[in-house]
Amino acid sequence: MTDSKIIKSKAKDNKQAKLPGKDSFSEWYHELLMTAEIVDNRYPVKGMCVWFPFGFALKKNVYAVIRELLDPDHQETQFPLLIPENEFMKEAQHIKGFEEEVYWVTSGGTTPLEVKLALRPTSETAIYPMFKLWIRSHADLPLRIYQIVNTFRYETKHTRPLIRLREITSFKEAHTVHATWEDAAEQVEVAISRYSEFYRRLALPFLVSRRPSWDKFPGADYTTAIDVIMPDGKTLQVGTAHHLGSTFAKTYEITYEAENGEQKLVSQTCYGISERCIAALISVHGDEKGLVLPWGVAPIQVVIVPILLGDKEKVLAVSRNLQGELAAAGVAVKLDTSDERPGAKFYKWEMKGVPIRLEVGPRDIEKGVVTLVRRDGAKKAVPLVGLVEAINKEAEELQAALYTKATNLHDAKVKETASIEEAKVQTQVGVALVPWCGAVECGHQLENQVEANMLGEPQYQSFPEAACAVCGKLSAGRTYMARQY
RNA sequence: GGGGUUGUAGGGUAGCCUGGUCCAUCCUACAGCGUUCGGGACGCUGUGACCUGAGUUCGAAUCUCAGCAACCCCA
């Protein structure tokens with residue numbers, strides 16, 4: 001072999017191994033975010049990323065699903081980014097949880113501010129003083145609002161694009177106010193069911209658990225969380241719902257006049273989802289060829305690649321007709337007429353996670369068909385007549401297949417373990433379900449000895465009695481344990 | 001919270017220890033032209049970089065300090 005041949009074959013190898021394998025997850029993840037144009041992490045401030053237009057389009061679609069799920073009984077709103085120090089510092093428990101992570105604005109131009117302003121790390125302390133003004137009577141309740149905003153947290157740990165950021169760009173936070181503690185508890189359940197539906201739409205399986213008391217939201221009575229298991233077996237918290245009780249109501253004096261004329265404290269909840277949902281989406285579904293996007297959120301659902309051989313004008317004309325027909329049917333369609341070879345286009349759009357590709361060439365046109373290729377590899381010839389219906393059917397099947405695949409992966413990563421030793425082994429590769437009597441002391445022991453975090457008690461499930469992995473006491477209690485992002 | 005590794009063009013690398021001969025190199029980058037086009041085309045001609053700042057020095061990608069940024073590991 002001559003030198004030039006060696007160089008050529010090496011170049012070819014490089015092309016085919018464009019992304020690192022998914023088993024080196026971290027590397028794969030970072031590379032994919034750049035190559036598929038989701039976010040650019042080269043912005044020169046730690047923990048802050050730039051959304052590429054393509055990534056932003058994906059984000060818009062994903063958040064459209066959230067909006068669709070909340071809008072029937074929540075009102076979208078927007079509160080200011082800056083929170084005055086005096087309001088921020090009112091709620092002691094809350095401050096304790098966040099004060100090390102707050103960015104402060106201390107001057108306006110060259111003038112020092114008399115009252116420092118916090119960049120919201122979350123918005124309770126911005127919103128609740130206003131709730132005090134808005135809520136007067138039982139007729140004002142329940143009140144349910146949400147906003148999608150950026151929040152800032154001075155993370156001291158290592159930051160990761162979309163996962164651990166100093167500027168969370170897309171924090172969807174809902175805040176609700178109720179007459180009673182029970183009403184608020186019910187709202188927490190509603191929140192979890194909406195989030196469950198949201199993740200089902202993204203074809204993402206998840207765990208729901210009640211966080212242990214030492215890991216709940218600062219100021220909350222309890223926290224229920226949703227976690228997705230990432231390819232490396234670590235879990236990513238992708239949604240939380242907090243029952244705030246009357247903690248903030250007391251601090252901010254949020255009261256209402258009951259029907260009997262009595263002034264009562266409200267009960268509150270808040271629940272949130274951030275762009276971590278995009279991180280989960282990308283990580284769970286993606287493969288060595290790049291992104292794999294669910295039909296419902298793909299910025300481009302169908303790409304048409306014309307094979308420009310023979311009668312080029314005819315191929316283009318058919319392609320354009322097809323594009324028009326699909327667009328008219330509400331499909332996000334892209335006709336790729338760029339000056340690249342078809343193979344290069346195939347790889348490009350697979351990297352971008354486009355669910356369905358249509359190839360239109362002279363051979364296809366002759367037979368009155370197009371070649372339809374799904375992102376999961378299935379390839380078939382489909383007649384031009386009735387194509388829209390065929391595509392919709394394929395999209396449904398694709399979504400089902402995606403969910404099945406993800407569910408199988410998920411299930412394989414969760415395992416029941418009886419002892420600390422077993423849990424320690426299991427948390428190296430996934431999530432352990434461990435018998436736990438519920439005692440705080442046993443919980444701390446578990447975390448220390450298993451060397452993993454406790455996600456908390458699984459919700460909506462019951463278990464037979466088993467011996468607590470620490471104290472041996474019989475109980476029906478369980479906890480998920482995992483290494484967490 | 002602790003430790004480690006690293007920063008060279010759009011991406012990937014070499015050079016750094018031992019300061020000068022460095023116009024470094026490769027590509028999946030970019031631009032132009034031509035031939036091509038059913039799974040990452042090829043040829044030719046070009047383009048483009050030493051993280052920032054201070055210091056040492058006749059001279060710094062290279063040595064020193066600080067900062068910023070990134071990645072990995074452990075708690």
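Quantities reported herein were computed from a predicted structural model and do not represent experimental measurements. Quick note on labels: first sequence line is chain A, next is B, and so on, each numbered from 1.
- With C1' as the reference atom, C23(B) and A14(B) are 16 Å apart, rounded to whole Å.
- Phosphate contact (OP1/OP2 of C51(B), side-chain N/O of Arg42(A), threshold under 4.0 Å): absent.
- As rounded to the nearest Å, U5(B) and C50(B) have P atoms that lie 26 Å from one another.
- A 3.5 Å limit on both hydrogen-bonding distances identifies no Watson-Crick or G-U partner for A60(B).
- Taking side-chain N and O atoms only, Arg341(A) has no distance below 4.0 Å to OP1 or OP2 of G40(B).
- For the pair Gly343(A) and His30(A), nearest-nucleotide mapping onto RNA chain B gives the more 5' position to Gly343(A).
- Going from atom CG of Leu358(A) over to atom P of G38(B) covers 18 Å, rounded to whole Å.
- Computed from coordinates, the Leu309(A) CG to U36(B) P distance equals 12 Å when rounded to whole Å.
- Tested against Glu350(A), the residues Arg374(A), Arg375(A), Arg357(A) include a single salt bridge (charged side-chain N to carboxylate O under 4.0 Å, His left out) partner, Arg357(A).
- Other residues, nucleotides and ligands contribute only 12 or fewer heavy atoms inside 6.0 Å of the CD atom of Glu27(A).
- Distance from the side chain of Arg363(A) is smallest for G38(B) among the nucleotides G39(B), G38(B), C73(B).
- Residue Glu340(A) contributes atom CD, which lies 8 Å from atom P of A41(B) at whole-angstrom precision.
- When the P atom is compared between A24(B) and U6(B), the two are found 24 Å apart, to the nearest whole Å.
- If you take NZ of Lys157(A) and P of A75(B), they are 13 Å apart, rounded to a whole angstrom.
- Each of Ile365(A) and Glu451(A) was matched to the nucleotide of RNA chain B holding its nearest heavy atom; the match closer to the 5' end belongs to Ile365(A).
- Comparing the same atom, P, in C22(B) and in G38(B) gives a spacing of 43 Å after rounding to whole Å.
- When Watson-Crick and G-U wobble pairs are counted only if both distances are under 3.5 Å, G46(B) pairs with C30(B).
- Distance NZ (Lys348(A)) to C1' (A29(B)): 14 Å, rounded to an integer number of Å.
- Taking the P atoms as reference points, U64(B) lies 14 Å from C16(B), given to the whole Å.
- Counting non-hydrogen atoms of other residues, nucleotides and ligands closer than 6.0 Å to CZ of Phe52(A) gives a total above 12.
- The list of side-chain hydrogen bond (donor to acceptor under 3.5 Å, both in side chains) pairs with a residue in residues 433-443 of chain A, not counting sequence neighbours, reads Glu441(A)-Gln445(A).
- Remark: Lys348(A) fails to qualify as a cation-pi partner of Phe346(A) under the 6.0 Å distance and 45° angle criteria applied to the six-membered ring.
- Across all strands shown, G1(B) forms a Watson-Crick or G-U wobble pair, both distances under 3.5 Å, with C74(B).
- Relative to the six-membered ring of Phe152(A), Arg166(A) misses at least one condition, a distance below 6.0 Å or an angle of at most 45° to the axis.
- A salt bridge links Glu397(A) with Lys393(A); the closest basic N to acidic carboxylate O contact falls under 4.0 Å.
- In this structure, the side chain of Arg120(A) engages the main chain of Asn150(A) through a donor-acceptor pair within 3.5 Å.
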Kindly list each side-chain donor-acceptor pair under 3.5 angstrom involving residues 326-337 of chain A, sequence neighbours excluded, with atom names and distances?
{"residue": "Asp336(A)", "atom": "OD1", "partner": "Ser338(A)", "partner atom": "N", "Å": "3.0"}
{"residue": "Asp336(A)", "atom": "OD1", "partner": "Ser338(A)", "partner atom": "OG", "Å": "2.7"}
{"residue": "Asp336(A)", "atom": "OD2", "partner": "Trp349(A)", "partner atom": "NE1", "Å": "2.7"}

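- Across all strands shown, A41(B) forms a Watson-Crick or G-U wobble pair, both distances under 3.5 Å, with U35(B).
- When both pairing distances are held under 3.5 Å, G19(B) makes no Watson-Crick or G-U pair with any nucleotide shown.
- When the C1' atom is compared between G1(B) and C63(B), the two are found 32 Å apart, to the nearest whole Å.
- For the contact set between residues 46-54 of chain A and RNA chain B, defined by any heavy atom under 4.0 Å, the members are Lys46(A), Gly47(A).
- The separation of A66(B) from A49(B), taken at their C1' atoms, amounts to 24 Å, rounded to a whole angstrom.
- For Tyr347(A) and G40(B), the ring-to-base geometry satisfies the stacking test (centroid distance below 5.5 Å, interplanar angle below 30°).
- Contact annotation for Arg357(A): base contact, defined as any heavy-atom pair under 4.0 Å involving a base atom.
- A straight line from CG of Asp364(A) to C1' of C37(B) spans 15 Å, rounded to a whole angstrom.
- In this structure, the CH2 atom of Trp349(A) is 19 Å from the C1' atom of G38(B), given to the nearest Å.
- A 3.5 Å limit on both hydrogen-bonding distances identifies U6(B) as the Watson-Crick or G-U partner of A69(B).
- Of the P atoms belonging to U8(B) and U47(B), the separation is 22 Å, rounded to the nearest Å.
- Within the 4.0 Å cut-off from OP1 or OP2 of G38(B), not a single side-chain nitrogen or oxygen of Thr371(A) is found.
- Nucleic acid contact class of Glu350(A) (heavy atoms, under 4.0 Å, all strands): base.
- Residue Glu359(A) contributes atom CD, which lies 8 Å from atom P of G39(B) at whole-angstrom precision.
- When the nucleotides G10(B), C71(B), G1(B) are ranked by their closest atom to the side chain of His158(A), C71(B) comes out on top.
- Classification of Lys352(A) and Glu37(A) as a salt-bridged pair holds, one side-chain N sitting under 4.0 Å from a carboxylate O.
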